Amino acid sequence: SADEEAAMSGSTVNDQVLRAGEGERSRLGGVEDVFLLSAADTGGRFAVVMHIFEPRALAAPMHRHHREDEWSYVLAGRLGAVVDGLEVEAGPGDLLVKPRGQWHTFWNAGDEEARCLELIGPAGLEELFRSFSGLAAEPDAEQLAAMAGRYGCDVDFPATGPVVERHRLNF
């Protein structure tokens, strides 16, 4: 039975549930991250991070990653995004697809809090988000680009400015 297997492995049923409100947290600007599953939890296969956006908060500058695909499952609010040059909007229950190698950015497109589950495969990029928690202050553009580069990401700040202005975003 499942209980016998759990007992043999040393885990308990409670080890199988991450309770609401649990999970390590970090914040950069208007976005808080809650780490639900990381590489260590999944053998590197995938990661899950909940992003909690303040109104009109930009999640990240225009960027692309070379190793991971990302999917944002919208739980509450509305997310705007530019993915590979196409501007889209997603609401609760929608899945925003951000494949590796494609330039993208995303934001809270509304005036209320927004939340999404960020699914990352394979895992690894979540460590960039986690690294923000160790900063004494918000990084400048050069520091952010260097941090992103360590995780196989390129950033494009000049392409980010027009998106921020067009949608009146906080970044």
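The structure displayed is predicted, hence computed values, not measured ones.
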Stepwise, does the side-chain contact (heavy atoms from CB on, under 4.5 Å) test hold for L58 with T160?
CA-CA 10 Å; L58 182 72; T160 306; 3.6 Å; yes

Would E70 and R64 count as a salt bridge (Lys or Arg N to Asp or Glu O under 4.0 Å) here? Give the steps.
CA-CA 10 Å; E70 285 181 300; R64 66 179 169 190; over 6 Å; no

Could you please spell out the steps behind the side-chain contact (heavy atoms from CB on, under 4.5 Å) verdict for F157 and F171?
CA-CA 11 Å; F157 287 101; F171 181 57; 4.1 Å; yes

Apply the test side-chain contact (heavy atoms from CB on, under 4.5 Å) to residues E127 and S38: give CA-CA distance (whole Å), side-chain angles for both, the deciding distance (0.1 Å), then the verdict.
CA-CA 8 Å; E127 295 305 324; S38 296; 4.3 Å; yes

Run E118 and K98 through salt bridge (Lys or Arg N to Asp or Glu O under 4.0 Å) and show every step you take.
CA-CA 10 Å; E118 191 75 2; K98 300 172 291 185; 2.7 Å; yes

Can you list the steps and then say if Q102 with R100 is a side-chain contact (heavy atoms from CB on, under 4.5 Å)?
CA-CA 6 Å; Q102 290 187 355; R100 74 185 75 190; over 6 Å; no

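L169 and V163 make their closest contact through CD1-O, 3.9 Å (heavy atoms, listed as atom of the first residue, atom of the second, distance). Nearest heavy atom pair, residue G23 against residue L18, reads N-CD1, 4.2 Å. Nearest heavy atom pair, residue M50 against residue L75, reads SD-CD1, 4.1 Å. Minimum interatomic distance between A81 and L96 (heavy atoms only, all atoms of both residues): CB-CD2, 3.5 Å. Residues G80 and A109 come closest through the heavy atom pair N-CB, 3.7 Å. In this structure, P92 and A76 approach most closely via the heavy-atom pair CG-CA, 4.2 Å.
Panel note: side chain D140, backbone L144; no donor-acceptor pair is recorded below 3.5 Å.
Relative ring orientation between H51 and F106 is described as tilted, the plane-to-plane angle lying within the 30° to 60° band.
Taken together through direct or relayed side-chain contacts under 4.5 Å among Ile, Leu, Val, Met, Phe, Trp and Tyr, V31 and L79 form part of one hydrophobic cluster. V74 and F129 fall into different hydrophobic clusters, where Ile, Leu, Val, Met, Phe, Trp and Tyr side chains are chained together by heavy-atom contacts under 4.5 Å.
Atoms NE2 and OH, on H66 and Y151 in that order, are 16.0 Å from each other to the nearest 0.5 Å. Between F53 atom CZ and D33 atom CG the span is 8.5 Å, to the nearest 0.5 Å. Atom CG of residue L95 and atom OG of residue S72 lie 7.5 Å apart, to the nearest 0.5 angstrom. Distance CH2/W103 to CG/D156: 5.0 Å, rounded to 0.5 Å. Here SG of C153 is found 6.5 Å from CD of E68. Values are rounded to the nearest 0.5 Å. Separation of atoms CG (L117) and CG (L36) is listed at 6.5 Å; rounding is to 0.5 Å.
Dense packing is recorded around CD of E22, with more than 12 heavy atoms of other residues, nucleotides or ligands lying under 6.0 Å away.
Counting heavy atoms from C-beta outward, I52 and R25 have side chains that approach closer than 4.5 Å. Taking the side chain as every heavy atom from C-beta outward, F46 and I120 never approach each other to under 4.5 Å. Between V49 and V34 the shortest side-chain heavy-atom distance does not fall below 4.5 Å. Counting heavy atoms from C-beta on, the side chains of P61 and T105 never come closer than 4.5 Å. Contact annotation: the side chain of P99 approaches that of V83 to within less than 4.5 Å [non-hydrogen atoms, C-beta and beyond].
Scored by the side chain to side chain donor-acceptor pair (under 3.5 Å) test, R67 finds no partners at all (sequence neighbours excluded).
With a 6.0 Å cutoff to the six-membered ring centre and a 45° limit on the axis angle, R130 counts as a cation-pi contact of F35.
Salt bridge D111/R56: present, at least one basic N to carboxylate O contact under 4.0 Å. Salt bridge E54/R27: present, at least one basic N to carboxylate O contact under 4.0 Å.
Between H167 and E87, the side chains place a donor N or O and an acceptor N or O closer than 3.5 Å (distance only, hydrogens not considered).
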